[in-house]
Protein chains: 2
Amino acid sequence: MADAVLGEFEQLVLIALIRLGHEAYGVTLCDEIAGRARRAVSLGAVYKTLDRLETKGLVASRLGEPTAERGGRRKKHFKVLAAGQRALKQSLTSLRRMTEGLESEIGL
Amino acid sequence: MADAVLGEFEQLVLIALIRLGHEAYGVTLCDEIAGRARRAVSLGAVYKTLDRLETKGLVASRLGEPTAERGGRRKKHFKVLAAGQRALKQSLTSLRRMTEGLESEIGL
DNA sequence: CTGCATATCTTCTCCATCGTCTAAGATATC
DNA sequence: GATATCTTAGACGATGGAGAAGATATGCAG
């Protein structure tokens, strides 16, 4: 089957996931994207997107253990699957081919 | 006003527009994206996206003259406006900050 | 030279998916 | 029970996408 086409935000979530490693979960992902991409990100948007990515078989999740801190509820950890890695690579490669030689025109 | 958040396809259309210059129009844009990004692109999707970008004030259009060839109907030419340039730059910069240092992990 | 056939380009319409916010729910510690 | 942390759910607009329909040019038969 052909790799799925990723939306813009889906790309950001996948990248953040790779960046944070397998222990990433909702809140840290949200912070990472907000900080790096410098844009407002709501938690709900992140979780929703993670759900979709999991349904499509691009990421997998598992529940962690509760932590010993106030309100330390179990976290849901995510990791990128091979299909997700492929889809992300393809999206970024397409973009790279599109922008090739245009750095100065775009102002990068 | 803050720059608009661009969808994934909107980015591709804007880049193709810069790449092809001010004489770009629906059909050539479609071909350019399909060829460079190597994915199927329908004409309808391109026109729809151009419409939306114009409504948002990111691109401008003008009608050309008919050409002297079979079925040579007037073309609608598009060009990127300053706001479009800014929005695109911002999107690509965010992505670049996200992927920074991850080239090998992603396989680029 | 009139009118139909055909090629090129654009618009319209419909529907699925993505992105976003808000509120509510679950479950841990204090 | 109060409160903090994390996740789920629900609603809705925006974006993405395929294909039919529409507009308008030339080509050609009669």
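Letters A, B, ... are given to chains in the order of the sequence lines, protein chains preceding strands, and every chain is numbered from 1.
Summarising the geometry, the separation between CD on A:Glu10 and C1' on C:dA16 is reported as 13 Å, rounded to the nearest angstrom. In this structure, CD1 of B:Ile33 is placed 13 Å from C1' of D:dG17, rounded to the nearest angstrom. Distance NZ (B:Lys56) to C1' (D:dA14): 8 Å, rounded to an integer number of Å. The CG atom of A:Leu63 sits 10 Å away from the P atom of C:dT27 (whole-angstrom rounding). Rounded to an integer number of Å, the gap from A:Tyr25 OH to D:dT8 C1' is 17 Å. Taking atom NZ of residue B:Lys48 and atom C1' of nucleotide C:dC14, one finds them 9 Å apart after rounding to whole Å. Counting to the nearest Å, the C1' atom of C:dG19 and the CG atom of A:Leu29 are 16 Å from each other. The CZ-P distance, from A:Phe9 to D:dG13, rounds to 20 Å in whole Å.
Within the 4.0 Å cut-off from OP1 or OP2 of D:dT8, not a single side-chain nitrogen or oxygen of A:Arg52 is found.
Taking only side-chain atoms of B:Arg70, from C-beta outward, the nucleotide of D:dG17, C:dA5, D:dC6 with the closest atom is C:dA5. Residue A:Arg73 places its side chain closer to D:dC6 than to any other of C:dC18, D:dG17, D:dC6. Nearest to the side-chain atoms of B:Lys75 among the listed nucleotides C:dA28, C:dC18, C:dC9 stands C:dC9. Among the nucleotides C:dC9, C:dT27, C:dC21, the one closest to the side chain of A:Ser42 is C:dC21.
Heavy atoms of B:Arg74 sit under 4.0 angstrom from primed sugar atoms or phosphate atoms, though from no base atom. Using a 4.0 Å heavy-atom criterion, one finds that A:Gly26 contacts the sugar-phosphate atoms exclusively.
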Between B:Glu23 and B:Arg62, does the salt bridge (charged side-chain N to carboxylate O under 4.0 Å, His left out) criterion hold? Intermediate values first, please.
CA-CA 10 Å; B:Glu23 296 309 310; B:Arg62 68 180 175 72; 3.0 Å; yes
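Of the possible polar contacts, one joining the B:Arg19 side chain to the A:Met98 backbone as a donor-acceptor pair under 3.5 Å is found. Remark: side-chain polar atoms of B:Gln85 are paired, donor with acceptor, to backbone N or O of A:Glu105 under 3.5 angstrom.
Heavy-atom contacts from other residues, nucleotides or ligands closer than 6.0 Å to CZ of A:Arg96 number 12 or fewer.
Under the salt bridge (Lys or Arg N to Asp or Glu O under 4.0 Å) rule, B:Glu65 has a single partner from B:Lys76, B:Arg74, B:Lys75, which is B:Arg74.
Toward the 5′ end of DNA chain C lies the nearest nucleotide of A:Glu8, the other residue of the pair A:Glu8 and A:Gly44 mapping further downstream.
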